Amino acid sequence: MTSISTPLVDARRIVVKVGSSLVTNEGRGVDPQAVGNWCRQLATLAQQGREMVMVSSGAIAEGMRRLGWVSRPVQLHELQAAAAVGQMGLAQMYESQLSMHGMRSAQVLLTHADLADRERYLNARSTLLTLLSLRSVPVINENDTVVTDEIKFGDNDTLGALVANLIEADALIILTDQAGLYSEDPRSNPDAELLRSAVAGDADLERMAGGAGSAIGRGGMITKVLAAKRAARSGANTVIAWGREPDVLIRLARGEAIGTLLTAATAKVAARKQWMADHLQLRGAVVVDAGASEKLVAAGKSLLPVGVITVEGGFHRGDVVAVRDERGREIARGLANYSASETRIIARKPSSQIEALLGYSNGPELIHRDNLVLA
Ligand code: GLU
């Protein structure tokens with residue numbers, strides 16, 4: 001075993017991404033052995049207390065097998081139909097393999113647009129975090145019925161990174177059919193060297209990654225390098241490794257140096273602040289009483305509606321709002337779980353009354369601690 005220990009040892013929340021060509025053994029339907037292997041490792045790591053999320057393609061290839069299609073159709077609507085047929089098989093495979101190892105699984109179909117929309121972002125985030133707290137392994141794929149990004153661009157690497165951002169994962173492991181990132185294309189240049197580690201986002205990486213991937217999954221190395229850059233924005237380290245390497249996930253989590261490690265230059269908390277500052281416009285504010293302000297700042301708690309005195313602006317669920325104390329000082333910013341009009345109704349009320357007042361509940365917090373940064 002290699003003695004270098006990587007940051008993956010301490011990774012508590014890990015997103016693993018596998019592409020079509022690996023899952024389906026070069027297009028011949030879902031490969032039960034390969035999926036079984038990853039599921040055993042996911043279960044082992046989850047049972048060690050890590051939170052594991054799987055982003056897996058392979059629906060189209062499985063659909064083609066089920067439909068008896070020998071060549072990949074060119075029409076997008078046929079590919080989408082194949083994905084719909086095949087997704088059943090893909091989900092079934094993960095569900096049976098994970099349950100064999102004592103783990104519950106959950107199917108989540110997402111699109112990039114879902115994660116760009118603030119309300120959906122928050123919904124997807126709370127669903128995934130709830131699934132993890134329920135000790136389930138979310139199995140995610142692109143929702144091919146409504147979008148065709150991956151079908152067209154082979155881009156589930158990006159989805160993997162977006163999921164890592166969404167749940168602030170510590171690590172993103174991209175499993176592929178190559179040993180990692182090489183200095184040159186190893187298929188045409190025998191002198192190509194495997195890159196052991198680099199900082200995600202380094203411009204040289206994009207140059208090195210060039211070219212496209214195999215005929216089945218079309219996410220070449222470049223999409224992986226860009227995915228690592230994106231994942232690093234929320235502080236996740238990325239590993240690109242060969243998916244059939246024995247016990248690859250378990251060994252990576254033990255700290256073994258396998259494949260290429262692309263480290264995030266920014267730590268998680270700083271990254272979250274950066275993300276809020278860069279990507280989200282302030283849509284409103286709430287003024288909170290001294291008790292709530294104390295709980296936020298000194299005790300590290302969430303903001304509950306009961307502490308809110310006034311509501312400013314017309315924000316929606318998922319928008320960023322400023323939190324001010326009674327003296328008008330901004331003490332924090334965060335993603336609101338309720339819109340401005342809902343907040344006006346539940347302000348000053350205990351969270352136990354939210355459901356009675358609104359007819360539903362998005363949780364007891366107005367801003368959950370995890371979605372909040374102190375000023
Ligand atoms: N999301 C699709 C799948 O899981 C797309 C993969 C592809 O284009 O082959 O099959």
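First listed ligand is number 1; within each ligand, the first listed atom is number 1. Predicted, not measured: the structure shown is a model, and the values here were computed from it. The basis for the numbers below is simple: all heavy atoms, side chains too, and nothing from hydrogens, waters or symmetry mates.
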Would one find an N or O of [X], backbone or side chain, under 3.5 Å from an N or O of ligand 1?
{"X": "E142", "value": "no"}
{"X": "L90", "value": "no"}
{"X": "I60", "value": "yes"}
{"X": "N156", "value": "no"}
{"X": "E150", "value": "yes"}

Under a 4.0 angstrom heavy-atom cut-off, which atoms of ligand 1 come close to [X]?
{"X": "S20", "value": "6 (C), 7 (C), 9 (O)"}
{"X": "N141", "value": "1 (N), 3 (C), 4 (O)"}
{"X": "G58", "value": "3 (C), 4 (O), 10 (O)"}
{"X": "S57", "value": "4 (O)"}
{"X": "D144", "value": "1 (N), 2 (C), 3 (C)"}

ask   = R120 and N123: side-chain donor and acceptor closer than 3.5 Å?
value =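 Note: R120 and N123 side chains miss the donor-acceptor criterion.
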query = Taking atom types as modelled, is there a side-chain donor on D325 or S293 under 3.5 Å from an acceptor on the other?
reply =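 Short answer, no.
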message = More than 12 heavy atoms of other residues, nucleotides or ligands under 6.0 Å from NE2 of H316: yes or no?
response =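 No, because the 6.0 Å sphere around NE2 of H316 holds 12 heavy atoms or fewer from other groups.
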Among R13, R12, R125, salt bridge (Lys or Arg N to Asp or Glu O under 4.0 Å) partner for E168 =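 The salt bridge (Lys or Arg N to Asp or Glu O under 4.0 Å) with E168 is passed solely by R125 among R13, R12, R125.
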inquiry  = Just to be sure I read this right, does ligand 1 sit under 4.0 Å from the backbone of R72, its side chain, both, or neither, counting only heavy atoms?
reply    =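 Side chain only; the backbone of R72 stays clear of ligand 1.
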key: Side chain to side chain, R66 and M88, heavy atoms closer than 4.5 Å   =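 When only atoms from C-beta onward are counted, M88 and R66 do touch, with a gap below 4.5 Å.
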message = Against V139, only a single residue in V108, L98, L109, L90 fulfils side chain to side chain contact (heavy atoms under 4.5 Å, CB included); can you say which?
response =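 Of the listed residues V108, L98, L109, L90, the side chain to side chain contact (heavy atoms under 4.5 Å, CB included) partner of V139 is L98.
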task = Give a yes or no answer on whether the side chain of S302 reaches the backbone of R369 with a donor-acceptor pair at less than 3.5 Å.
result =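 Between the backbone of R369 and the side chain of S302 there is a qualifying donor-acceptor contact (under 3.5 Å).
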task = Please confirm whether the backbone N or O of L249 pairs with a side-chain atom of W38, one donor and one acceptor, at under 3.5 Å?
result =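 Pair absent, no side-chain N/O of W38 close to backbone of L249.
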